[in-house]
Student: 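Can you read through this structure? Questions will come right after.
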Amino acid sequence: MDRLLFLLATGIARGAIFALFALALVLIWRAARIVNFSQGAMAVVATYVAFAVTAFTGSYWAGLASALVAGAVLGYVVDRGVMRFAPHDSPLAGVIIAIGVVMVLQSALGIAFGQQYRPMAAPFDQSPILIGGVPVFSPYDVFVLVVAVVVMAALALLFTRTSLGLQLRASAFAPEVSRLLGVRVSRMLTIGWMLAAAVGALAALLLVPTELGLSPHSADMLFVYAFTVAVVGGLDSPVGALVGGLIVGVAISLVTGYLGATVAPIAVLVLLVAVLLVRPGGIFSAREARVA
Amino acid sequence: MSVESELSGRGASAADSVRASATGMGVGTPSSAASVARASTTGRRRTRLLGTALVLTALAIGGTFLLDPYRNYQLALVAAYFCATAGLSLLIGLTGQLSLGHAALMAVGGYGYAITANALTDAGVDGVARFALAILAALGASGLVGLLLGLAAARLRGPYLAGVTLALVIALPAVTAVFSGALGGDQGLQIAYDDVPPALATIIAVEQWQAWVAIGAAAVVVTVLSGIRSGVLGLRMRAVRDDEVAARLNGVRAGRVKVFAFTVSAVAAGAGGAVLCFVTQSVSPGAYTLAFSLLLVVAVVIGGLGSMLGALLGSVVIVLLPWLIGTLTGAMDLPADLTQRLSGNLPVLVFGALLIVVTLLWPAGIRGALPARLSLRRRVSPAASSPPTPAPPTTAPEQPTQE
Amino acid sequence: MSHRSARHSRAIAVAAASAMLITLAACSTPAAQSPDAPAPGVTDDTVTIGTHQPLTGPAAAGYSSISAATQAYFDYVNSTGGINGRTIEYLVKDDGYNPATTQTVVRELVQDDDVFAILNGLGTPTHTSVLDYLNQKKVPDLFVASGSTSWNQPEKYPYTFAFNADYVTEGEALAQYATDEFAGKKVCLLGQDDDFGDEFITGAQNVLGADGLTSVQRYSVSNQDVVAQISAMKAAGCEINMLATVNGFTALAIGTAAKLGWFTQWFSSSSGADYPTLVGFLGEDVGPKLLQGFVSSNYLPARQGNDWSELFEKINTEFNDGAPFDGNTMFGMSVGYLFAEALAAAGENPTRESLLEAVTSGDLVGNGILPLSFGDDSHAAYTGVGITTVDQGVQDYIGTTYVSDGKGSVSVSDAEPVAVENEGVPASAE
Amino acid sequence: MTPLLEIDAITAGYGGSPVLHEVGLAIPQGAIVALLGANGAGKTTLLRTISGLVAPASGRVVLDGRDLSSVSVEDRSRSGLAQVPEGRSVVAELTVDENLRLGGLWRFDRRQLTAAVDEIYDLFEPLSRRRAASGHQLSGGERQMLALGRAIIARPRMLLLDEPSLGLAPRVVAQILGVLRRLRDDTGLTVLLAEQNVTSALAIADHGVVLSLGSVVADRPAAELLSDGALRHAYLGF
């Protein structure tokens with residue numbers, strides 16, 4: 001029982017990071033109908049910026065802020081520099097270009113910084129607090145959860161309560177009509193990329209201190225798991241990203257704990273196939289009609 | 001090059017042609033006149049296809065004599081990759097299904113080959129019998145996995161399918177670790193080595209023999225795929241890609257077409273994996289990574305989606321480019337540290353940049369940019385038409401077209 | 001349809017031309033090697049050898065510095081005039097720890113670059129994929145960088161020789177040390193989910209008995225989260241925790257345990273026990289504290305406080321741009337030294353056969369803390385390991401060395417470490 | 001007096017095959033002009049060219065003396081040109097309220113916007129009862145009202161309407177056209193109304209333009225069009 005609680009807590013803490021990253025995927029999907037395969041690589045680039053800034057200033061928070069800025073800048077560059085020119089007649093073009101961006105960014109990082117892991121310190125203690133003798137969340141886990149909740153709440157407010165959010169949603173759902181109404185859809189698309197890339201960068205930044213350290217491949221598995229999360233939840237659904245993130249995080253934790261680490265990727269595959277066979281658009285798919 | 005000939009030209013017309021063919025000769029009871037006409041064009045097409053295949057294979061086999069053993073090994077790799085990229089190109093280019101998991105399907109073929117070959121070796125079977133049975137097992141295994149995956153794929157669209165295939169290739173090492181008894185875990189399986197047949201032993205080296213076998217296998221796979229591609233089935237695949245609803249309304253069973261395409265593509269990939277296993281005498285999960293899967297996609301895209309010649313050119317590029325870059329950086333007198341960082345990374349950088357540039361500026365790939373001579377010949381040919389349209393003009397994603 | 005007949009006649013012409021080629025060309029024809037020709041890769045003043053190493057990809061982080069160290073050692077030897085008047089050219093090819101790439105680059109080394117031998121190819125899955133090939137081609141495959149037992153199969157792979165003490169031996173020695181010094185404690189094990197973990201577990205069980213391990217946990221390199229495994233070991237009440245982990249995961253295991261408030265005894269394989277690397281992962285502040293009392297096995301000279309380390313550190317400063325001096329540097333230079341020794345012993349005009357003879361002669365001594373075991377029926381380099389501990393930031397031998405008989409039985413050895421001679425340049429053949 | 005909207009020899013189409021050939025029109029301030037013609041005559045293409053969604057191969061669109069050639073769709077809208085596309089394209093994922101606000105975002109601040117939205121609710125009474133309903137819950141008539149309301153909320157000078165009556169009950173059509181007429185009378189709104197429903201369009205229009213196969217074949221006062229039997233037969237089918 002204790003062990004179950006412990007594994008659940010661990011799964012939730014990691015699931016929150018998956019959910020954040022998946023949310024970033026959902027944001028771009030909604031805005032541009034592109035699954036941003038390059039998001040992991042973009043997030044790692046931003047995390048390198050954060051690493052450098054933290055090393056230079058000695059402040060974790062300056063690093064965090066710079067990761068958000070760097071993420072947004074990258075989002076701008078990738079959108080305006082590459083994605084905007086993607087042929088619109090093929091739904092595959094965006095995916096393929098994104099794969100190209102991954103290859104470019106990761107190899108550029110490898111050439112610039114080499115492959116070694118650069119350990120990143122967490123801003124809070126990572127030792128779990130004992131509750132009734134059971135180690136549950138560490139202060140850092142709590143920090144991660146709080147950040148995840150705050151970011152999601154802020155995004156929800158942005159999208160539902162502000163005119164920018166209204167324009168972002170309208171541009172995503174009906175770009176042509178929005179333009180006829182004077183909405184600068186192209187700018188909204190770029191803002192969507194910047195927002196998503198910043199959120200993705202934040203997720204990677206939160207993940208790295210719990211792992212071996214920063215390397216050009218730090219976000220590879222994060223992307224795979226978060227993509228699973230987004231697909232399980234439904235690419236159109238931010239709520240799906242949140243719920244999917246927790247499901248996948250807890251599932252991986254339980255499988256690793258009870259069946260072994262080796263089985264985890266198989267469990268993810270099985271989960272993915274099972275969900276999609278029952279609901280081909282993910283658990284929270286709005287409707288079948290809106291497809292790429 | 002009739003490998004390149006296409007029945008139908010631009011994507012938009014594919015649905016229309018199916019409409020015509022569905023009423024005339026497609027799924028329903030065909031009118032006899034139409035079926036006669038079809039039989040004769042099919043016959044002509046087949047003859048020409050086989051002729052081309054034979055000539056090209058003979059050329060490739062002849063070419064092995066000009067190469068040293070290492071180039072012959074590279075040629076064998078190209079041939080093995082060609083099996084897989086040809087299948088993948090058919091899948092992506094014709095049905096619009098994006099698979100990021102073809103490396104896993106190749107691995108299935110490789111394991112099928114290795115397990116069968118080892119069992120046969122233990123049973124005392126060797127030579128051609130062992131090779132043939134092991135290849136059959138490889139094709140069967142990859143076909144089965146492809147069928148299962150295709151059944152799921154038929155229900156899924158674009159990114160969802162990409163997600164499942166991505167998870168498949170990620171799960172491959174886990175599968176081999178869990179079943180390490182049969183699959184050898186991380187180290188994979190090793191097989192006994194097939195020497196040059198005694199009759200040829202004095203003429204050719206083993207690398208050359210391996211290249212022959214690989215070329216032969218690729219020739220068979222690609223000829224079959226070309227046949228499918230230019231036949232009624234290819235037409236139906238295009239129709240499903242362009243407009244699934246329209247295709248359905250015209251009697252094309254979209255689900256079946258997709259499952260069929262996925263299965264065929266998986267078998268082709270499996271053949272590639274089996275050939276690779278034959279050439280290298282081993283198969284292991286580390287060789288079939290996500291990065292390799294993406295590299296196959298790179299090959300198909302930069303070669304030119306949907307085109308067999310493009311798949312071949314793409315395979316050549318992914319084999320030769322890393323070697324070329326390595327040779328170049330090796331020749332430059334760079335600091336050791338920089339050389340180390342460039343090695344491995346630079347080819348990936350170039351591949352990524354190529355992928356972006358080709359998709360943005362050159363959507364028909366290398367194949368589409370070939371000199372006019374080839375396209376001229378195609379224009380004269382009656383059964384051929386305009387170059388392949390890699391990008392199906394489907395109901396485009398809603399996206400603003402400009403600033 | 002005239003174009004078609006034109007095509008056919010062209011096809012026939014092409015076919016005829018290729019038939020001509022087939023009869024004329026002899027480029028690929030296997031030629032018997034003339035016995036007087038110099039060995040591949042050997043000229044009057046150079047010997048070219050090659051290796052495959054993970055310089056990129058996820059595994060590069062832990063290992064890419066090894067070949068640089070070997071290269072630095074060869075540069076040092078070359079600066080003194082080389083071996084028997086020949087400088088050693090070391091071709092390092094990146095395989096990204098991908099067996100498919102290994103196969104390609106090793107063929108390139110053998111067929112295109114005509115190397116004399118392959119030295120220190122790194123990794124079990126990668127090197128396994130070229131084992132058959134190298135032995136078919138009769139290319140000396142020296143001092144493989146992995147502790148798999150696969151390399152020690154003289155009958156099946158006469159051209160392949162190991163370098164590392166194998167994982168079984170390491171597991172046996174560490175388990176024996178636990179039995180000798182920590183009798184009655186609960187011993188557990190965390191292992192990588194591949195041959196590394198499997199063979200290490202076999203070794204531990206050889207000594208402790210089939211159910212002598214209280215808990216056995218596995219991890220997968222693709223998942224950098226070992227909380228579930230460490231918490232299970234903690235819950236099982238483990239007291240001695242054996243690790244078949246690479247450096248990153250050793251650090252991850254120790255760090256994760258610390259986060260769980262669990263400060264316990266660790267026994268690590270040499271593959272994941274490099275002190276400076278571990279401190280790098282754990283951080284300068286807490287690393288030294290968490291690693292106090294850390295036990296591991298090793299067979300190469302300690303990183304500091306002996307003649308070898310002083311020599312290698314000097315070479316590192318001079319020929320390796322002063323790269324961090326760590327376990328990988330020791331390993332890489334030791335490999336270089338052993339190869340130089342073998343090459344020197346292979347004679348004035350080395351051939352592949354004389355090189356193999358030199359290795360199997362049993363005369364090579366290497367630079368380890370115990371003698372090499374190479375011989376006609378052993379292709380294992382070290383059949384034993386010494387125990388090291390970390391005390392106040394210094395990782396050194398405690399003087400206990402175990403030797404395995406290869407049948408599951410371990411005994412204490414009183415072997416003496418090999419001393420440095422001739423400034424670390426093996427004497428050329430007289 | 002210079003016309004509010006001037007279309008000068010527009011040739012336009014999709015993928016290189018022109019739908020419109022040298023179309024010219026001039027619409028004076030405050031007029032309601034009916035754009036008539038059979039299905040495929042080029043009515044929608046003309047409207048999309050005016051609003052900027054289709055780039056003409058040649059020719060100009062001039063609004064109030066300003067050449068719009070290099071003006072983006074968004075900025076055309078912001079300079080007083082509103083379009084209600086065919087098919088009552090409300091954004092189905094947004095609520096009625098959000099759809100309306102979207103139309104006025106660029107023009108008003110928060111407070112003014114609320115007032116402007118309320119004005120639309122006054123104009124289309126049924127909508128005010130469905131403020132929180134999402135677009136896909138609305139009836140066809142409600143959608144048309146919403147699309148029209150959203151187009152006029154930012155007080156455009158020129159309104160382009162594409163087949164507003166399509167598929168709607170006559171009563172609803174009358175209501176919507178009535179609103180148009182009132183807007184013109186009250187605010188001087190200029191309207192270009194593409195319709196297949198000739199009678200109801202000409203009932204409120206001052207002027208009629210007939211397109212056939214992408215060319216203007218008639219450009220006359222509404223009453224004249226109605227009385228020209230030959231023209232009606234040839235192009236308007238009644």
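Each chain gets a letter, A, B and so on, in the order its sequence line appears, and its residues count up from 1.
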Student: Which bit of L282(C) comes within less than 4.5 Å of chain A, counting heavy atoms only: side chain, backbone, both or neither?
Tutor: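 Contact with chain A: none, neither part.
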
Student: Sort A235(C) into side chain, backbone, both or neither according to what part of it lies under 4.5 angstrom from a heavy atom of chain A.
Tutor: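 Answer is neither: A235(C) stays 4.5 Å or more from chain A.
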
Student: Under 4.5 Å heavy-atom distance to chain C, tell me which part of S138(A) shows up: side chain, backbone, both or neither.
Tutor: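 Neither part.
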
Student: Can you tell me how far the CD1 atom of I252(A) sits from the CG atom of D225(C), to the nearest 0.5 Å?
Tutor: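 The CG atom of D225(C) is 9.0 Å from CD1 of I252(A), to the nearest 0.5 Å.
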
Student: Atom CD in Q224(C), atom CG in L222(A): separation rounded to 0.5 Å?
Tutor: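 Going from the CD atom of Q224(C) to the CG atom of L222(A) covers 11.0 Å.
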
Student: Could you report the tightest heavy-atom contact between R3(A) and A228(C), atom names first, then the distance?
Tutor: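 Heavy atoms of R3(A) and A228(C) come nearest at NH2-O, 3.1 Å.
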
Student: Hey, does T262(A) have a side-chain heavy atom less than 4.5 Å from the side chain of Y219(C)?
Tutor: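 They are not in side-chain contact.
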
Student: Could you pull out the closest heavy-atom pair between P119(A) and G280(C), with the gap in Å?
Tutor: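 Residues P119(A) and G280(C), closest heavy atoms: CG-O, 2.9 Å.
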
Student: Chain A heavy atoms under 4.5 Å from S231(C): which part of the residue, side chain, backbone, both or neither?
Tutor: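 Backbone plus side chain of S231(C), per the 4.5 Å heavy-atom cut-off to chain A.
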
Student: Does atom CZ of F263(C) have more than 12 heavy-atom neighbours from other groups under 6.0 Å away?
Tutor: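 Yes, the 6.0 Å shell around CZ holds more than 12 heavy atoms from other groups.
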
Student: Which atoms of L212(A) come close to chain C, meaning under 4.5 Å heavy atom to heavy atom: side chain ones, backbone ones, both, or neither?
Tutor: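 For L212(A), heavy atoms of backbone and side chain both lie under 4.5 Å from chain C.
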
Student: Measuring from Y117(A):OH to N247(C):CG, what's the distance to the nearest 0.5 Å?
Tutor: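 Going from the OH atom of Y117(A) to the CG atom of N247(C) covers 11.5 Å.
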
Student: Which answer fits R14(A), side chain, backbone, both or neither, if we ask what part of it has an atom under 4.5 Å from a heavy atom of chain C?
Tutor: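 Side chain only.
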
Student: So what's closer than 4.5 Å to chain C heavy atoms on T256(A): side chain, backbone, both or neither?
Tutor: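 For T256(A), the contact with chain C is made by backbone and side chain together.
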
